[in-house]
Amino acid sequence: MNWTDALVESGIWILQAYAITVVLASITIAILARRTVWGRQFWALAGGYFSPRRSWKPLATLALILFLTLAGVRLEVLFSNWYNTMYTALQKLDESGFWGAMVLFAVLATIHVVRSLFEFYVQNAFTIRWRVWLNEHLLGNWLDQQAYYRSQYLDTPVDNPDQRIQQDVTVFAEMSLSLCMGVINALVSTFAFTLILWNLSGPLSVFGLEVPRGMVFLVFIYVIVATVFAIKIGRPLILLNFLNERFNADYRYALVRLREYAESIAFYAGEKVEGKILRSRFANVINNAWAIVYRSLKFLGFNFSVSQAAVVFPFIIQAQRFFSKQISLGDLMQTAQAFGRLQDNLSFFRNAYDNFATYRATLDRLTGFTKAIADARALPEPDVQAQGPRIALESLTVRTPSGTLLLKDLSLEVMPDAPLLIRGPSGSGKTTLLRAIAGLWPYSDGHIIRPEHEALFLSQKPYLPLGTLRAALYYPQNLPEGIGQEPDTDVRHQDQAALASAHSVPSNLDGLISAHKNRDTQPLPAQDASNQQAATGAVAALDQRAADVLQLVQLGHLADKLDMTADWGRILSLGEQQRLAFGRVLLAEPQALFLDEATSAMDEGLEDAMYRLVRQHLPGTIVLSVGHRSTLFAHHPRQLVLKGDKTGAWEILDTDLLR
């Protein structure tokens, strides 16, 4: 081979292969996206990311990855030719030819290393950016129109959405690229090494019939037959991998619930029941794992047998030509190398079948998740209108999912100076009515008028987000700028920590990530001092506001812990959590306040104090409460009593007449 012309020939080869691959890949993707189920699934998930209208960068990066992949194939061809050159030099005892081959190897190896490292970076950067986009796409749809909540009303609610967003997105992005480039690499390499093997192989005698270039036909027949059998053996792995993801997610979710409800379970001494549930779910994981092992034994055993049997084929077939000096040692070694590479390429689909099975299971899970989101968002919504601070219901009818009437043709208006108390027997639909007013209950008709944004709903068990006590107090508002920022929300310093850890193995990761707590302690320039002093004063005022609110709701002992990060939902008692929720009310100053047994864990004195706080500090806020206690009568001059007799009957009473 004339290595001087190899560079030019390689450039031409790559350009030709690139053009042909782009055309054929585009046609194939278009056909698969229209003609196959999994192709449509893939395009539904990935089409938005690759749309040129959104950004040209993904397609440009993908084009670069394709170029690097084809360059890798061309390097393999050059290495194949190098083997021929090197072994031929050894056979001829050509010392200068041998050392020339060593120099050539150094050049090819250097190019190969640089290309491989650059390809590694580009591919990983591509998958990370794809994960970011897909995560935001799914997460945004999951949160939009409260699909995360409304999906529970579907006939078949989606299981483990957290895993589908966190884990399946990662698997989808990484495997989509690796399998796609793997297929292209295998097909292009197959073509390239078929030409090499075609030039090196001679006639093959089969049952007395001489077949020209017989080795080429032999390897194709061998691999095609093996692939057909491998697909039949490995097909059950698709379902088994799908079940593996589901059973593991179910088990993990049960463990999370054990931690979340640890105190309740401990009071009930429910360890035996919980243990039975956990062991049952773990048994599903293990049984499915054994099924995967047994099926994989058959699949891998067949693959290993086929691969090992193929090792000696080229030597056996070419041995006669070598010993008769028709071919050189270099030709023999290149034949073996080309045969092995061709066999590997043709076996790609057989060897990667379990990866395809995992990928197909991931594709099904993500498609099911997106369908559940679409179905949840397509559920009917109550007719909620905003007309300033008004709260009014016009001909409102509320039903259960099965169609049972909870409330029929309710019309009323709640005034700021006349809070409304909703009463009724258990199961009569009191909380469901609040859900309908909030726009969460799809099984309702009529008109609901309430403030669009300036409304706050307090449930019996308040939700406390992860983070600081200050963040829990302000929830669902964002913290005022400049105060109480959590260390782990500083993305810039997390990036710095990641970069620092990339250069060495840090001994204390927690310290590395949180080291910026004491940052920015350098003195400011004189010209910025006055501005900083004014900003500090404003922050101090906001900081004091939070402490004052804690005092008002009788949680003053927590004022020095406002910026402490902890799982406050576990630390605070239910009564303390409910008082913290009233602190949210005082900070948010809503136009409308809905209380669903929001004082059930307080004693009567605290309950009275909380309601008086609202009336004193927020006299213009419209209040609507759900509760059973007669002590609530003093704070609600009007009552809506639901009969709960499945006819939707109700009545409005004047509290003063009941005393």
Side-chain angles (χ1 to χ4, degrees), residues 389-393 396 407 410-438 450-451 454-462 548-556 572-644 649-659:
R390 284 188 66 204
I391 293 182
L393 308 177
L396 181 64
L407 197 61
L410 172 62
S411 296
L412 60 82
E413 182 166 359
V414 186
M415 307 304 294
D417 58 349
L420 178 70
L421 175 64
I422 303 175
R423 296 194 299 118
S426 297
S428 59
K430 302 182 296 297
T431 299
T432 303
L433 174 57
L434 287 190
R435 292 180 183 138
I437 295 174
R450 68 168 179 83
E454 299 298 323
L456 197 61
F457 291 78
L458 301 191
S459 61
Q460 185 175 8
K461 181 172 175 53
D548 292 342
V549 165
L550 286 181
Q551 291 288 348
L552 289 173
V553 296
Q554 302 187 34
L555 293 175
L572 302 181
S573 68
L574 182 56
E576 289 175 320
Q577 293 179 42
Q578 290 183 345
R579 278 181 277 160
L580 188 72
F582 273 87
R584 292 175 179 171
V585 175
L586 298 180
L587 286 172
E589 300 181 356
Q591 295 176 345
L593 177 61
F594 301 88
L595 307 172
D596 185 9
E597 299 191 48
T599 57
S600 60
M602 303 181 197
D603 58 47
E604 295 179 0
L606 281 174
E607 177 184 78
D608 181 73
M610 294 302 106
Y611 271 95
R612 290 184 182 278
L613 271 178
V614 173
R615 301 304 335 143
Q616 177 184 352
H617 292 271
L618 305 172
T621 296
I622 303 173
V623 178
L624 192 153
S625 302
V626 170
H628 295 282
R629 289 179 177 175
S630 60
T631 51
L632 294 173
F633 291 2
H635 304 286
H636 301 84
R638 299 175 69 207
Q639 297 183 26
L640 170 63
V641 181
L642 308 184
K643 299 299 183 179
W650 53 273
E651 65 176 328
I652 295 179
L653 303 177
D654 189 333
T655 300
D656 292 335
L657 298 179
L658 298 176
R659 294 176 179 171

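Scope of the values below: all heavy atoms of this structure, side chains included, with no hydrogens, waters or symmetry mates. Predicted, not measured: the structure shown is a model, and the values here were computed from it.
Looking at residues two or more places apart in sequence or on another chain, you find no side-chain hydrogen bond (donor to acceptor under 3.5 Å, both in side chains) involving Ser426. Taking the side-chain contact (heavy atoms from CB on, under 4.5 Å) definition, one finds that Gln616 meets it with nothing, sequence neighbours left out. Taking Lys643 as the reference, Glu651 meet the salt bridge (Lys or Arg N to Asp or Glu O under 4.0 Å) condition, with sequence neighbours excluded. Under the salt bridge (Lys or Arg N to Asp or Glu O under 4.0 Å) criterion, Asp608 pairs with Arg612, not counting sequence neighbours. For Glu413, the side-chain hydrogen bond (donor to acceptor under 3.5 Å, both in side chains) partners at least two apart in sequence or on another chain are Arg390. Among residues two or more places apart in sequence or in another chain, the side-chain contact (heavy atoms from CB on, under 4.5 Å) test is passed with Ala436 by Val398, Trp441, Ser444, Ile448. With sequence neighbours left out, the side-chain contact (heavy atoms from CB on, under 4.5 Å) criterion links Thr631 to Glu604, Glu607, Arg629. Scanning for side-chain hydrogen bond (donor to acceptor under 3.5 Å, both in side chains) contacts around Arg435 gives Tyr149, with sequence neighbours left out. Under the side-chain contact (heavy atoms from CB on, under 4.5 Å) criterion, Ser428 pairs with Pro425, Lys430, Leu642, sequence neighbours left out.
Summarising the geometry of Ile391 relative to Pro451, their closest heavy-atom pair is CG1-CD, 4.1 Å, with the distance given to 0.1 Å. Nearest heavy atom pair, residue Pro462 against residue Leu574, reads CD-CD1, 4.1 Å.
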Under 3.5 Å, which donor-acceptor pairs do the side chains of residues 589-598 form with other protein atoms, sequence neighbours left out?
{"unit_1": "Asp596", "atom_1": "OD1", "unit_2": "Thr431", "atom_2": "OG1", "d": "3.3"}
{"unit_1": "Asp596", "atom_1": "OD2", "unit_2": "Thr431", "atom_2": "OG1", "d": "3.0"}

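Leu433 places none of its side-chain heavy atoms less than 4.5 Å from the side chain of Val626. Proximity of Pro389 to Thr621: side-chain heavy atoms (C-beta onward) are nowhere separated by under 4.5 Å.
The OG atom of Ser625 lies 8.5 Å from the CD1 atom of Ile422; values are rounded to the nearest 0.5 Å. Note that CG of Leu580 is 6.5 Å distant from CG of Leu572, once rounded to the nearest 0.5 Å. For the atom pair CG (Leu552) and CZ (Arg579), the distance works out to 13.0 Å, reported to the nearest 0.5 Å. Atom-to-atom distance recorded for Gln577:CD and Leu458:CG is 12.5 Å, nearest 0.5 angstrom. Once rounded to the nearest 0.5 Å, the distance linking CD1 of Ile622 with CE of Met415 reads 7.0 Å. The CG atom of Leu606 lies 10.0 Å from the CD atom of Gln578; values are rounded to the nearest 0.5 Å.
Screening residues 595-627 for ring pair (Phe, Tyr, Trp, His ring centres under 6.0 Å), with sequence neighbours left out, gives Tyr611-His635, Tyr611-His636.
The residue from Val414, Leu407, Leu410 that alone fulfils the side-chain contact (heavy atoms from CB on, under 4.5 Å) condition with Leu393 is Leu410. When Leu613, Leu456, Val623 are each tested for a side-chain contact (heavy atoms from CB on, under 4.5 Å) with Val585, only one passes: Leu456.
Side chain of Thr599 to backbone of Met602: no donor-acceptor contact under 3.5 angstrom is found. In this structure, Arg450 contributes its side chain and Ile437 its backbone to a donor-acceptor pair below 3.5 Å.
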**Item:** Stepwise side chain to side chain contact (heavy atoms under 4.5 Å, CB included) test for Phe582 and Gln554
**Value:** CA-CA 10 Å; Phe582 273 87; Gln554 302 187 34; over 6 Å; no
